Asker: 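One structure is given below, represented as structure tokens, and several questions about it will come after.
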Amino acid sequence: MSQKYAIGVDYGTQSGRAVLVDLSNGNEIADHVTPYPHGVIDEKLPVSGRELEHDWALQHPDDYLEVLRRSVPEVLRQSGVSPDDIIGLGIDFTACTMLPVDEQGVPLCLKPEWKDHPHGWIKLWKHHAAQDEADRLNAIAAERGEKFLPRYGGKISSEWMIAKIWQIVNEAPEVYEATDLFTEATDWVVSQLTGQFVRNSCTAGYKAIWHKQDGYPGNDFFKALDPRLDKLTETKLRGEIKPLGSKAGELTEEMARLIGLNAGTAIAVGNVDAHAAVPAVGVVTPGKLVMAMGTSICHMLLGTEEVAVEGMCGVVEDGIIPGYMGYEAGQSAVGDIFEWFVEEAVPAYAKEAAGKEGVGVHQWLTERASAYKPGETGLLALDWWNGNRSVLVDTNLTGVIVGYSLLTKPEEVYRALLEATAYGTRKIIDAFHSNGVPVEEVYACGGLPQRNALLMQIYADVTNREIKVADSKQTPAVGAAMFGAVAAGSARGGYDSVVDAAKAMARVREESFKPIPENVAVYEKLYREYSELHDYFGRGANDVMKRLKALKDKASK
Ligand SMILES: Nc1ncnc2c1ncn2[C@@H]1O[C@H](COP(=O)(O)OP(=O)(O)O)[C@@H](O)[C@H]1O
Ligand SMILES: O=C(CO)[C@@H](O)[C@@H](O)COP(=O)(O)O
């Protein structure tokens, strides 16, 4: 049999990328990124220019197809590999990124009657305008003693499917009525590739409160939330749920023509970006935490038991690697905080200096921030620029920096922000470790470990753990390609399980980031200070962030 390949397509927050991978060793033969033409829609709807309220974040469905149309032919062209040797394709996506579709699977926002209605559009994972619904959902679930709550760390997030659907019911019942199915974007794109709709167990489990044994919560729960949600799971959330590692179907003739692959190529069921990255760094057993570090961080861990951990995003059987409990936790802004600083808060002189030196502003700040010792800036920050998605699970929390003086430099603030995100990760590791889901090793992948060595050293020092880094530019996409190879199966030159695929294809770099004892000692003290601030602002002692947000919302109405 000739050499075989698979394609992984990773759908991030701002762009999508295709990677063509050699199935014998996991080498990335070619990759190509397509920025989403409409990006993140968070101010105005395209065409009509209709303004969006605070905390909205939408996307355009055609941007996802554009990634397939541009990036798949481009990796074929660059590599020179024949489509006959590409046996499978898998995709991974941000989640819960969800959309309403009609009976033909057409997104409502593409239909003339709904294109100017904000609720007809795709709600991106970081759409945070369903916090009221999430708060009420959590209160009702707790009152009813719903047994699903502990599986989600005690709270369902406003980022997830049910809160987002309920927001539509409340604010646009006509859109709810017109919706045939609510789907994750990952399942919708797969349906466009195969011509048939299936859901995947990963997003159903982590984002839509589905459980392998118990299914969705009972209809009584949905009726208790709102009588209009009666029979939601049998109607607008219906659809077969297939486990990760299964084949969703085969590429249709029409899509094959559009993207340059052969009709009949095996297509894997949809997956989530962070989850797909886990086998790609070779993690297929418990005790190894994988951090997918980019715009946000997702922390992924395998276990053998279903254990309750405060603030985790969820535990789902087979949710990452079949045969294990998959644990997920996360921070909803990490790279996004650094980007905010660079774009909104860096003085002109720093940008000019970076320009003169011919380096990016991140790099300029990082080089200067590296000259400081831990504690030397005198600054301490809380990493809640996009709310808190870890132990506190509250999108109404906001950022804090303590310790400013007239002498504070931009690189010191930048360093304090890098450190704040590391403390956020330490909170998550401590929560798992002290609740019976051990974290013995830490792996990192995503855009940040490639770009910022200082950040990675700070994470090693703050967590007091060695961090191994993926030897891949596009780890989730490589993982998605592995699932594509598993969908094809060994008879066609792929693999029969993702564990087999990981054995042959996963790679980490030889060098790692090791904790430096004197840094660890100082960070231990700073972390204690962070924890004080964290609990003071996050656990009700001072709700000033929420009062400010309420005043802001009132003032801007
Ligand atoms: N040198 C750098 N240091 C720290 N953060 C950076 C640097 N360069 C870019 N970033 C941040 O990386 C993030 C993008 O990460 P990436 O993994 O590429 O994207 P995504 O999370 O969308 O998949 C942006 O939020 C950006 O601010
Ligand atoms: O929430 C999840 C996964 O559960 C992510 O899709 C979301 O944080 C977005 O990830 P990125 O930072 O864009 O890689």
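Only a predicted model underlies this, so the values are computations on that prediction, with no experimental measurement involved.
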Asker: Gln331 and Thr425: side-chain donor and acceptor closer than 3.5 Å?
Answerer: yes
Asker: Write down the atom of Ala431, the atom of Val391, and the distance for their closest heavy-atom approach.
Answerer: CB-CG1, 4.0 Å
Asker: Is there a side-chain contact between Leu58 and Lys123 in this structure, where contact means two heavy atoms from C-beta onward sitting under 4.5 Å apart?
Answerer: yes
Asker: Start with the C-alpha distance between His60 and Trp121, add both sets of side-chain angles, then the distance that settles side chain to side chain contact (heavy atoms under 4.5 Å, CB included), and finish with yes or no.
Answerer: CA-CA 7 Å; His60 196 308; Trp121 288 76; 3.6 Å; yes
Asker: Ignoring hydrogens and angles, tell me if any N or O in the side chain of Tyr536 forms a donor-acceptor pair with the backbone of Ser531 under 3.5 Å.
Answerer: no
Asker: Considering non-hydrogen atoms only, spot the tightest contact between Ala185 and Leu99 and give its length.
Answerer: CA-CD2, 3.8 Å
Asker: As a quick check of understanding, evaluate ring-ring contact (aromatic ring centres under 6.0 Å, His included) for Phe222 and Tyr216, giving each step before the final call.
Answerer: CA-CA 10 Å; Phe222 288 100; Tyr216 288 111; 7.4 Å; no
Asker: Testing the basics here: between Ile41 and Leu52, what is the closest heavy-atom pair and its distance to 0.1 Å?
Answerer: O-CD1, 3.6 Å
Asker: Does a salt bridge link Arg136 with Asp226, judged by any charged N lying under 4.0 Å from a carboxylate O?
Answerer: no
Asker: Asn200 and Asp187: side-chain donor and acceptor closer than 3.5 Å?
Answerer: yes
Asker: Report yes or no: does Thr194 contribute a side-chain atom to a donor-acceptor pair with the main-chain N or O of Ala248 at less than 3.5 Å?
Answerer: no
Asker: What I'd like to find out is whether the side chain of Val439 reaches to under 4.5 Å of the side chain of Val442, using heavy atoms alone.
Answerer: yes
Asker: Taking everything shown except Glu306 itself, do over 12 heavy atoms lie less than 6.0 Å from its CD?
Answerer: yes
Asker: Considering only NZ, NE, NH1 and NH2 on the basic side and carboxylate oxygens on the acidic side, decide whether Arg426 and Asp430 come within less than 4.0 Å.
Answerer: yes
Asker: Determine, step by step, whether Phe221 and Phe148 satisfy the ring-ring contact (aromatic ring centres under 6.0 Å, His included) criterion, reporting the C-alpha distance in whole Å, the side-chain angles of both residues, the deciding distance to 0.1 Å, and the verdict.
Answerer: CA-CA 11 Å; Phe221 169 69; Phe148 64 77; 5.2 Å; yes
Asker: Look at the rings of Tyr530 and Tyr423 and say which category their plane angle falls in: under 30° parallel, 30 to 60° tilted, over 60° perpendicular.
Answerer: tilted
Asker: Would you indicate whether Glu532, at its atom CD, is surrounded by more than 12 heavy atoms from other residues, nucleotides or ligands within a distance under 6.0 Å?
Answerer: no
Asker: Relative to the ring of Phe432, is the ring of Tyr327 parallel (under 30°), tilted (30 to 60°) or perpendicular (over 60°)?
Answerer: perpendicular
Asker: Main chain of Asn542, side chain of Arg547: is a donor-acceptor contact present, judged purely on distance under 3.5 Å?
Answerer: no
Asker: First locate atom OG1 of Thr463, then atom NZ of Lys427, and finally report the distance between them rounded to the nearest 0.5 Å.
Answerer: 14.0 Å
Asker: Taking all heavy atoms of Cys313 and all of Arg389, pick out the closest pair and write down the distance.
Answerer: SG-CD, 4.1 Å
Asker: Would you please say whether a donor-acceptor pair under 3.5 Å links the side chains of Gln59 and Asp63?
Answerer: no
Asker: Can you check whether Ile467's main-chain N or O pairs, donor with acceptor, with Tyr459's side chain at less than 3.5 Å?
Answerer: no
Asker: Evaluate Thr13 against Thr94 for side chain to side chain donor-acceptor pair (under 3.5 Å), listing each step before the verdict.
Answerer: CA-CA 7 Å; Thr13 300; Thr94 65; 5.5 Å; no
Asker: Would you say the side chains of Tyr152 and Ser157 form a donor-acceptor pair under 3.5 Å?
Answerer: no
Asker: Distance from Lys288 atom NZ to Met300 atom CE, nearest 0.5 Å?
Answerer: 15.5 Å
Asker: Within a strict 4.5 Å, meaning less than it, do heavy atoms of the Cys298 and Glu328 side chains meet?
Answerer: yes
Asker: Tell me if a side-chain donor or acceptor on Ser246 pairs with a main-chain N or O of Lys242 at a distance below 3.5 Å.
Answerer: no
Asker: Using the side chain to side chain donor-acceptor pair (under 3.5 Å) rule, pick out the option among Asp336, Asp55, Thr295 that qualifies with Lys126.
Answerer: Asp336
Asker: Does Tyr176 reach the main-chain N or O of Gln167 with its side chain, forming a donor-acceptor pair under 3.5 Å?
Answerer: no
Asker: Enter the distance from Phe197:CZ to Asp180:CG here, rounded to the nearest 0.5 Å.
Answerer: 9.5 Å
Asker: Are any side-chain N or O atoms of Asn388 and backbone N or O atoms of Asp394, one a donor and one an acceptor, separated by less than 3.5 Å?
Answerer: no
Asker: Please determine whether the number of non-hydrogen atoms from other residues, nucleotides or ligands lying under 6.0 Å from atom CD of Glu103 exceeds 12.
Answerer: yes
Asker: Donor-acceptor pair, distance only, cut-off 3.5 Å: does the side chain of Glu419 make one with the backbone of Ala381?
Answerer: no
Asker: Does Ser332 use its side chain to pair, donor to acceptor, with the backbone of Asn386 at less than 3.5 Å?
Answerer: yes
Asker: Assess whether ring-ring contact (aromatic ring centres under 6.0 Å, His included) is satisfied between His534 and Trp384, documenting all intermediate values.
Answerer: CA-CA 10 Å; His534 174 280; Trp384 300 342; 5.5 Å; yes
Asker: Measure the shortest side-chain to side-chain distance between His362 and Val342 over non-hydrogen atoms and say whether it is less than 4.5 angstrom.
Answerer: yes
Asker: Are side-chain N/O atoms of Ser158 and Gln131 paired as donor and acceptor at under 3.5 Å?
Answerer: yes
Asker: Grab the two heavy atoms, one from Gly323 and one from Asp318, that are nearest each other, plus how far apart they are.
Answerer: N-OD1, 2.9 Å
Asker: So Trp210 and Thr203, side chain to side chain donor-acceptor pair (under 3.5 Å) or not? Walk me through it.
Answerer: CA-CA 9 Å; Trp210 175 81; Thr203 51; over 6 Å; no
Asker: How about Asn170 and Glu133: does a side-chain donor come under 3.5 Å of a side-chain acceptor?
Answerer: yes
Asker: Between Leu244 and Val269, which heavy-atom pair has the shortest distance, and what is it?
Answerer: CA-CG2, 4.0 Å
Asker: Can you list the steps and then say if Cys202 with Val272 is a side chain to side chain contact (heavy atoms under 4.5 Å, CB included)?
Answerer: CA-CA 7 Å; Cys202 178; Val272 177; 3.6 Å; yes
Asker: Would you be so kind as to tabulate the donor-acceptor pairs closer than 3.5 Å made by side chains of residues 104-118, with sequence neighbours excluded?
Answerer:
| from | atom 1 | to | atom 2 | distance (Å) |
| --- | --- | --- | --- | --- |
| Lys111 | NZ | Asp102 | OD2 | 2.7 |
| His117 | ND1 | His119 | N | 3.2 |
| His117 | NE2 | Glu174 | OE2 | 3.1 |

Asker: Do Arg539 side-chain atoms and Leu392 backbone N/O form a donor-acceptor pair below 3.5 Å?
Answerer: no
Asker: Evaluate the side-chain proximity of Asn396 to Met545: yes if any heavy-atom separation is below 4.5 Å, no if none is.
Answerer: no
Asker: Is any side-chain heavy atom of Thr398 closer than 4.5 Å to a side-chain heavy atom of Leu548?
Answerer: no
Asker: Any side-chain heavy atom of Asn138 sitting closer than 4.5 Å to one from Leu149?
Answerer: yes
Asker: Apply the test side chain to side chain contact (heavy atoms under 4.5 Å, CB included) to residues Ile162 and Ile156: give CA-CA distance (whole Å), side-chain angles for both, the deciding distance (0.1 Å), then the verdict.
Answerer: CA-CA 9 Å; Ile162 307 301; Ile156 297 297; 5.5 Å; no
Asker: In this structure, which one of Asp10, Asp273, Asp92 forms a salt bridge (Lys or Arg N to Asp or Glu O under 4.0 Å) with Arg17?
Answerer: Asp10
Asker: Quiz question: by atom type and distance under 3.5 Å, do the side chains of Tyr324 and Glu317 form a donor-acceptor pair?
Answerer: no
Asker: Apply side chain to side chain contact (heavy atoms under 4.5 Å, CB included) to Thr179 and Glu177, showing your working.
Answerer: CA-CA 6 Å; Thr179 300; Glu177 277 312 307; over 6 Å; no
Asker: Side-chain contact, heavy-atom cut-off 4.5 Å: Ile165 with Leu229?
Answerer: yes
